[in-house]
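In what follows, a structure is listed as structure tokens, so that the remarks can point back to it.
This chain uses plain numbering: 1 for the first residue, then up along the sequence. What you see is a predicted model; the values in this text were computed from it and never measured.
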Amino acid sequence: MSDDSAISPAPVIEAYCVKCRIKREIQHAQFVFNVRGQPVTRGACPVCGTTLFRLGDTAGHAGLTRPAPVKIEKPAQPAAAAPAGPTSAPAGLPADASAYCVKCKTRRPLGEAQAVFTARGVRAVRGACPVCGTTLFRMGEAPGHLGLVKPTPAQLKAAAHSKAIAEHQAVQAKTRAAKKAAAAQAAKSAKTGAGKKAAAAQAAKSAKTGAHGKPDNSRQPVATTRTRLVIVESPAKAKTVERILGRNYRVRASVGHVRDLLRSQLSVDTDHDFRPTYRVPNEKKDLVRQIKAEAAQAAQVFLATDPDREGEAIAWHLMEAAAIDPAATQRVIFHEITPDAVRAAFDHPRAVDMDLVNAQQTRRILDRLVGYKISPLLWDRVRSRTSAGRVQSVAVRLVVEREREIQAFVAEEYWSIEAELAQKLVVGKRAPKERPSFRARLVRIRGEEADLANEANTLGIVAALEQSSYQVSKVKLGERRRKPAPPFTTSTLQQEASRRLAFTARQTMANAQILYEGVELGNAGQIGHAGDAGNAGNAGNVGNVGNIGLITYMRTDSTNVAEVAQNQARDFIRQRYGAEFVPETPPQYKTRAKGAQEAHEAIRPTSVLYTPDLVRPYLKRELFRLYELIWQRFVASQMEPAVMDTVSVDIEAGPAAGDRPYLLRATGVRVRFAGFLVVYEETRDEDALADGDERWLPALQEDEWLDLLRLLPEQHFTQPPPRYTEATLVRTLEENGIGRPSTYAPTISTIQQRGYVERREKRLFPTELGFVVNDLLVKHFSDIIDVGFTAQMEEHLDRIADGEEAWVSVLRRFWEPFVHSLAQAEAGMEQVHVDSEPTGELCEKCGHALVFKHGRFGKFIACSNFPTCRNTKPILVKVGVACPECSGELVERKTRRNRLFYGCVNYPKCNFSSWTRPLPTPCPQCGGLLTVATKTTAKCIRCGAVTPIGEGGANEHGQ
């Protein structure tokens, strides 16, 4: 045995790293004794550099002298005058002591460190960030605590009470000063002849902004816990925000708007500057009373509604409905519900922006005037429950006009010719079993574009090509760089979710809302915001961090990305995929939407570290699929473009000697560097033309002769413009500047619920009622139900939001011509009868024909003998499969929570049901009913056998 084999390896000393959340080997170990004389091993984490400590004797302590433990003397009775708050002394910290700075979003060394006791009597070290000056805290004992007297609970309580009283008095003094200054300014204005109205406006402005005319953005401490009231829209959002802010804040949910125009009347005084009349609906009165009571007791109120015009309006309505004091109220906005973003928002509050409120109020009044003035005409001249809308009627017009284009379209015949070619065989070499070939398309004949109008001309050219020789005339090699798609906006998210996931616009936005408001991630929530764990303060628990918002605000038309998010994504891409996938500079994308709000961000993950694999166990299937799509799109948008090698080959055909009149062309593409394609590739639009054969071509040389294997003539017909899908309709609305991100989904849902448009096989078809209503509106209100007018009105709303235009003047310019059109329509709109569409079945009660009707809750079947016979029933979608128990038809049904299942048409006589879609093919093992198990397999409900249904088989059956 060698001497080396007798040497025992040095023992590995490990300690728990609070940042990595795992045990790590201690690097650069130092063997020391703490102030109590206990042996300690101190070093650094090899991964993140965090200081590690491990208590216990080791071999490294063998030659060290153990110091005598320091005895801390405590007085028998603390002096009454001892400070009850934090007490400081020189900290004596090591030079590398650091803490996480929430403003810089990184660890910083503790500057001007002091050993203190917190308000709960816990030992800590307080310092300042050397870069931005933010106060930093590091919990734990330090040598500087030696000799400090820990405050008693009574002293802590007394100090907190004294501090709260002082801060409350400061708030009241500031409020009184602001009101006094506002009153003085109002009196001065009134004396100088500015007028009572101007004086009142100045007084209101001063009361809101403070004595110096600037928004009062200071955050005042509060007297006791739960004295800062925060109001958001939804309970889920309230739960997440309250977890982040901690126990000193109470977060309430308004559950959307708390005030609106009266439903029973116009509620807009057109004779007095379009003054609206608002009312708190009955179902919100109790909630408003509760908010009012809590706001009256709170020292400060924060309105944290969504960061858009609608959210701004909700904040203003809350102040008005609950009579919340503007002097004690501030507005905070955040585009992602994460600890960093929420705390930063509360560090920079502002006043409610009345320009944004007026823009929303103008839109609401416009929609009310159009809807409440035109809809009664439609009730009288067409039928009840019809309606018109400034945006929805334009959307219906787009669908109707597209359908008329399709109906008027006349298909034209044309042909194409492709030649399958191969390189000539080498003389003496045996021909392979499968000869490599490629296809070239005929593009020119005698220098002119090939125009193959009919079969006779085409077959004549085919005959000539069969007798021709083929020679390569030109080979062009090139490079194509394919850039990634920008991160999602509301419009592009709805389009891609429709194409890739088959989600409706409403379904997409509902799931995105959940991802934005917060999802319970358990301990996985620490990963995305690891820096928050040691610095959570009021957030408390560093294990389970509670609900976390997974995506940024999902109603946006901007493609901007925060610099912090870009840097995090670049670091992630470098570690996961390699440095070659990271571009030299972060990519910038130009927003296509008109009037996009560039201050907003694109839709992205709140942290790229929340990978789909990490969050998958915590999300339902629909939520996970949408989040995965958003995550992949964002990561890909920050990566290098893909690099493609391209080749284009021109081939001449004709006599072997002399001029050759025919020119064919073949192209090929192959990926040289995948770039962003390793993560994500945008789905092709449903209506986009398919690419040709882009396989890589063999190595061809100019003047090389080729063999013709076969000719492939093919007949084609020109196609009409495709019907809109929800995705393409959203894209058209956005491109024309109609509506804003928050309106796309409700607009498309409304036109379907009203019975103007039907969605069949993902396409939007106008109904007979849609045709009739659209034609009447276009005839009598052509200036209003117009794409250009609606887009122009959106521009006016943007100018109101920017403070560049007065909202009353915009409404006045709309109202005057509208009243004239309304009077003409009332006098001249004809009566139109819309026939109910027959179902082809007879009523089982009276024998009359059953017809389709539209009601408040959509389309249904009713007896044509109404009101004598009031038989009605829902529309059942048959799946083409017989019930295995009674041989009746299986149909689609929905639960009370709108979950789809399949049941027998003879219910309740037959109770058969299945959550998965039945298939018409019987089980090959026992002949039982097969239901879809996965995309490619089916399972028998009788014997349990799993059977493949072929690639795409599930899609063929509607899944």
Side-chain angles (χ1 to χ4, degrees), residues 416-424 434-445 447-450 452 465 468-486 496 499-500 573 577-585 587-590 592 632-633 635-654 660 662-712 714 716:
S416 65
I417 299 175
E418 286 189 343
E420 187 171 349
L421 304 167
Q423 291 177 292
K424 281 190 173 293
E434 293 185 5
R435 191 174 179 184
S437 65
F438 63 95
R439 290 186 181 184
R441 186 182 184 91
L442 178 65
V443 293
R444 289 190 176 276
I445 303 174
E448 300 292 333
E449 184 176 349
L452 308 177
L465 288 172
S468 297
S469 300
Y470 294 81
Q471 185 181 30
V472 177
S473 62
K474 183 179 178 182
V475 177
K476 182 180 179 182
L477 299 176
E479 175 185 294
R480 189 172 73 200
R481 296 177 67 84
R482 183 176 170 189
K483 295 182 179 180
E496 185 71 350
R499 291 190 293 254
R500 186 175 292 228
I573 294 166
Y577 303 104
E580 66 273 18
F581 288 88
V582 182
E584 289 186 11
T585 58
Q588 302 294 326
Y589 296 98
K590 185 177 180 180
R592 292 183 300 173
Q632 290 175 343
R633 173 87 163 219
V635 173
S637 73
Q638 303 304 307
M639 298 178 73
E640 278 279 7
V643 181
M644 312 286 187
D645 288 325
T646 63
V647 59
S648 175
V649 178
D650 286 354
I651 302 162
E652 293 180 350
R660 289 183 284 272
Y662 303 105
L663 178 66
L664 297 90
R665 183 167 294 152
T667 58
V669 177
R670 68 179 176 187
V671 178
R672 186 201 307 169
F673 172 66
F676 72 93
L677 294 176
V678 300
V679 175
Y680 168 87
E681 182 175 8
E682 188 175 20
T683 309
R684 186 189 307 278
D685 191 88
E686 297 98 326
D687 304 326
L689 296 175
D691 288 337
D693 188 2
E694 291 192 338
R695 293 178 298 175
W696 189 245
L697 301 179
L700 300 173
Q701 303 295 326
E702 291 186 4
D703 299 329
E704 178 180 354
W705 292 94
L706 304 172
D707 287 339
L708 173 66
L709 302 184
R710 59 174 175 162
L711 289 169
L712 302 166
E714 186 175 357
H716 307 275

Which heavy atom in A422 sits nearest to a heavy atom in P436, and how many Å separate them? CB-O, 3.4 Å
Using a 6.0 Å cut-off, check whether atom CD of Q701 has over 12 heavy atoms from anything other than its own residue. no
Between A642 and A674 the two heavy atoms that sit nearest each other are CB-O, 3.2 Å
Which value, rounded to the nearest 0.5 Å, describes the distance between K424 atom NZ and Q471 atom CD? 10.5 Å
Taking atom CD of E479 as the centre, report whether more than 12 heavy atoms of other residues, nucleotides or ligands fall under 6.0 Å from it. yes
So which atom in R660 and which in W705 form the shortest heavy-atom distance, rounded to 0.1 Å? NH1-CH2, 3.7 Å
Rounded at 0.5 Å granularity, tell me how far CZ in R710 sits from CZ in R439. 5.5 Å
If the condition is side-chain contact (heavy atoms from CB on, under 4.5 Å), which residues does E682 pass it with, not counting sequence neighbours? A485, E496, R499, R633, Y680
Distance col, row K474:NZ vs I651:CD1, nearest 0.5 angstrom, shows 13.5 Å
pair R665-R441: side-chain heavy atoms closer than 4.5 Å: no
Considering residues at least two apart in sequence or located in another chain, which fulfil the side-chain hydrogen bond (donor to acceptor under 3.5 Å, both in side chains) criterion with R482? E681
I573: which of V678, V679, V582 passes side chain to side chain contact (heavy atoms under 4.5 Å, CB included): V582
What heavy-atom pair brings E702 and V475 nearest, and what distance separates the two atoms? OE2-N, 3.5 Å
Validation row: P583, F676 side chains within 4.5 angstrom (heavy atoms): no
Non-hydrogen atoms of L664 and A653 that approach each other most closely: CD1-CB, 3.8 Å
Point-to-point distance, once rounded to the nearest 0.5 Å, from CG of L697 to CD of Q423: 10.0 Å
Can you find a pair of side-chain heavy atoms, one from L700 and one from V647, that are under 4.5 Å apart? no
The reported gap from CZ in R444 to OH in Y662 (rounded to nearest 0.5 angstrom) is 15.5 Å
Tell me, please, which residues at least two apart from F581 pass ring pair (Phe, Tyr, Trp, His ring centres under 6.0 Å). F673
Over all atoms of both residues, closest heavy-atom pair of P587 and S637: CG-O, 3.2 Å
With a 4.5 Å cut-off on side-chain heavy atoms, are L708 and L421 touching? yes
Do R480 and T646 get their side chains close enough for a donor-acceptor pair, meaning under 3.5 Å? no
Under a 4.5 Å cut-off applied to non-hydrogen side-chain atoms, are V669 and T667 in contact? no
Tell me, do V649 and E704 make a side-chain contact under 4.5 Å, heavy atoms counted? no
Interatomic distance, CZ@R672 vs CG@D645, rounded to 0.5 Å, equals 4.0 Å
